[in-house]
**Q** 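Quick one: this structure, given as structure tokens, is what I'll be asking you about.
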Amino acid sequence: MSEQATRGWQRPSIYDVAKQAGVSHMTVSRVLNGHPNIRESTRARVLQVIDEMNYTRSSIARALATRRAMRIGVLVDSPVQWGPNSTLRAIEEAARGAGYAISAFSISDDKESQIDVGVVELVTQGVDALCVIAPRASSLDLLRRQSTGLPILVIKAESDAEMHTAAVDQRAGAMAAVMHLIELGHRSIAHLSGPLDWFDARAREQGWRDALIDAGLPIGTPVVGDWTSDCGYAFGAAYDFDTVTAVFAANDQMALGLVHGLSERGLSVPDDISVVGFDDLPDARHFLPPLTTVRQDFSALGALALEIIIAAIEGDEAAEHDIIEPRLVVRGSTARPRS
């Protein structure tokens, strides 16, 4: 039995390839990167060994070749929320496909100053770029004061002259949700917003407002929530709906609590009040009734974010901005208002 078999299989490294081919690891790296100043006989020998050893190029090998860490630092604001968590997972998946690793630092709701600590921790790990997920205005202000010298991408729908940005179009998603209610015949539509220090919550509130303005309908004062089902429940149980026949909730969790609160006071969804959420949680189709909501394509967002980050790492210094269109998913929580 061979020594390798007794130890168990191990993935061959760039150094194993170099030893087998009788060259340096830098020569292997140059072959992998298509460097022109390599003799064809040497290139052929290295490629033959790569094939024989079933070598898969690793991020370490790429780092040796490019003098990069092949690692992206990600600051995640409030990672327990569905949107930030899903965005992080999507970026991790896209990064793996591109040969990059992710180092993440989480910022809790009550400790915005952690962004300073997070930046220092990630930068000391030698990351090639920073990405900020679900930023609040206050945390982004703190980030602007940092001087890292690294490309920075922020997941937010508004463009930014100082940073690369990418996002799902939050305002367009909110407008689609409210226009759906207007098309059903609703003329008084309340809004349960997220915390308005969040860029996403601001954009969704603006989309609600713009849709009502475009339709010439009255605009009430939005009720500011905190993203939680408990908040939605309290709103549904206590709000004076009076002439209101529909509610646009800024996320599905608040919409879930809202439906619960309404049911406890004897109001039916959608017969008495129509409800639209935002995010399309995996369980949204199993709410009672199934929830009309706005779906965000997090996989596409992760791929887009990685594309912009890698371009920035490779020297594209222009601040790029791109957005992905969301999609309205109509289910049983919305209907025409009672006449």
**Q** Is it true that Arg43 and Glu40 make a salt bridge, defined as a side-chain N closer than 4.0 Å to a carboxylate O?
**A** yes
**Q** Kindly give the heavy-atom pair with the smallest separation between Pro195 and Trp227, and that separation in Å.
**A** CD-NE1, 3.2 Å
**Q** State plainly whether one hydrophobic cluster holds both Phe287 and Val259, where clusters connect Ile, Leu, Val, Met, Phe, Trp and Tyr through side-chain heavy atoms under 4.5 angstrom apart.
**A** yes
**Q** Excluding sequence neighbours, so at least two apart, what forms side chain to side chain donor-acceptor pair (under 3.5 Å) with Ser229?
**A** none
**Q** Between Thr334 and Leu184, does a side chain to side chain contact (heavy atoms under 4.5 Å, CB included) hold up when you go through it step by step?
**A** CA-CA 8 Å; Thr334 52; Leu184 286 173; 3.8 Å; yes
**Q** Under 4.5 Å between side-chain heavy atoms, chaining through other members, with only Ile, Leu, Val, Met, Phe, Trp and Tyr counted: pull out the rest of the cluster around Val224, sorted by chain and number.
**A** Leu196
**Q** Could you pull out every donor-acceptor pair under 3.5 Å between side chains of residues 90-99 and any protein atom, sequence neighbours left out?
**A**
none

**Q** When you compare the side chain of Pro222 with that of Arg209, does any pair of heavy atoms fall below 4.5 Å?
**A** yes
**Q** Counting only N and O atoms by type, is there a donor-acceptor contact under 3.5 Å from the side chain of Asp283 to the main-chain atoms of His286?
**A** no
**Q** Kindly write out the residues that satisfy side chain to side chain contact (heavy atoms under 4.5 Å, CB included) with Ser263, not counting sequence neighbours, or none if the list is empty.
**A** His260
**Q** Can you confirm whether the side chains of Gln296 and Asp279 place a donor and an acceptor under 3.5 Å from each other?
**A** yes
**Q** Please name all residues satisfying side chain to side chain contact (heavy atoms under 4.5 Å, CB included) with Leu288, sequence neighbours left out, ordered by chain then number.
**A** none
**Q** Less than 4.5 Å apart, any side-chain heavy atom of Tyr239 and any of Leu258?
**A** no
**Q** Could you grab the distance from atom CE of Met53 to atom NZ of Lys19, nearest 0.5 Å is fine?
**A** 9.5 Å
**Q** Transitively linked via ILVMFWY side-chain contacts under 4.5 Å: Leu88 with Ile155?
**A** yes
**Q** Mind checking whether Trp82 and Asp252 have side chains closer than 4.5 Å, heavy atoms only?
**A** no
**Q** Got a second to check how far Ile72's CD1 is from Leu150's CG, nearest 0.5 Å?
**A** 11.0 Å
**Q** For a side chain to side chain contact (heavy atoms under 4.5 Å, CB included) check, start with the C-alpha distance between Val119 and Leu75, then their side-chain angles and the critical distance, and finish with the verdict.
**A** CA-CA 8 Å; Val119 168; Leu75 291 158; 3.8 Å; yes
**Q** Please report the shortest heavy-atom distance between Gly207 and Ala174, naming the atom on each side.
**A** CA-CB, 3.9 Å
**Q** Indicate the atoms forming the closest heavy-atom contact of Arg336 with Glu183, along with that distance.
**A** NH1-O, 3.9 Å
**Q** Between Asp128 (side chain only) and Met70 (backbone N and O only), is there a donor and an acceptor less than 3.5 Å apart?
**A** yes
**Q** Rounded to the nearest 0.5 Å, how far does CE of Met163 lie from CG of Leu130?
**A** 9.5 Å
**Q** Donor-acceptor pair, Asp51 side chain versus Leu47 backbone, under 3.5 Å?
**A** no
**Q** Using side chain to side chain contact (heavy atoms under 4.5 Å, CB included), reason through Phe105 and Gln125 one step at a time and then give a plain yes or no.
**A** CA-CA 12 Å; Phe105 185 94; Gln125 293 182 35; over 6 Å; no
**Q** Compare all side-chain heavy atoms of Arg331 with those of Asp280 and state whether any distance is below 4.5 angstrom.
**A** yes
**Q** Return the minimal non-hydrogen interatomic distance between Ile102 and Arg71, and the atom names on each side.
**A** O-NH1, 3.5 Å
**Q** Would you say the side chain of Ile309 lies within less than 4.5 Å of the side chain of His164, judging by non-hydrogen atoms?
**A** no
**Q** To check you understand the geometry: which heavy-atom pair defines the closest contact between Cys231 and Gly225, and what is its length?
**A** SG-CA, 3.3 Å
**Q** Group every Ile, Leu, Val, Met, Phe, Trp and Tyr by side-chain heavy-atom contacts under 4.5 Å, then state whether Val120 and Ile107 land in the same group.
**A** no
**Q** Is it the case that Thr228 and Asp226 place a side-chain donor and acceptor less than 3.5 Å from each other?
**A** yes
**Q** Got Thr245 and Ser274 here, is their nearest side-chain heavy-atom distance under 4.5 Å?
**A** no
**Q** Just checking, any donor-acceptor pair under 3.5 angstrom between side chains of Gln206 and Gln170?
**A** no
**Q** Could you tell me whether the side chain of Arg171 and the main chain of Ala203 form a donor-acceptor pair under 3.5 Å?
**A** no
**Q** If you apply the rule side chain to side chain contact (heavy atoms under 4.5 Å, CB included), what do you find for Asp200 with Asn251, and how did you get there?
**A** CA-CA 10 Å; Asp200 284 356; Asn251 74 341; over 6 Å; no
**Q** For a 4.5 angstrom cut-off between non-hydrogen side-chain atoms, does Glu158 reach Phe199?
**A** yes
**Q** Testing the basics here: between Gly277 and Thr293, what is the closest heavy-atom pair and its distance to 0.1 Å?
**A** C-OG1, 3.2 Å
**Q** Do you see a donor-acceptor pair shorter than 3.5 Å between the side chains of Glu205 and Ser193?
**A** no
**Q** Can you check whether Val275 reaches Leu291 side chain to side chain, under 4.5 Å on heavy atoms?
**A** yes
**Q** Judged by modelled atom types alone, do Thr292 and His180 share a side-chain donor-acceptor pair under 3.5 Å?
**A** no
**Q** Going by side-chain heavy atoms closer than 4.5 Å, which hydrophobic residues are tied to Phe278, directly or by a chain of links?
**A** Val178, Met179, Leu181, Ile182, Ile189, Trp208, Leu212, Ile213, Leu217, Ile219, Phe248, Val276, Val294, Leu328, Val330
**Q** Quick one: pull up OG1 in Thr165 and CG in Asp160 and give me the separation to the nearest 0.5 Å.
**A** 6.5 Å
**Q** When you measure from the side chain of Arg45 to the backbone N and O of Ala21, does any donor-acceptor pair fall under 3.5 Å?
**A** yes
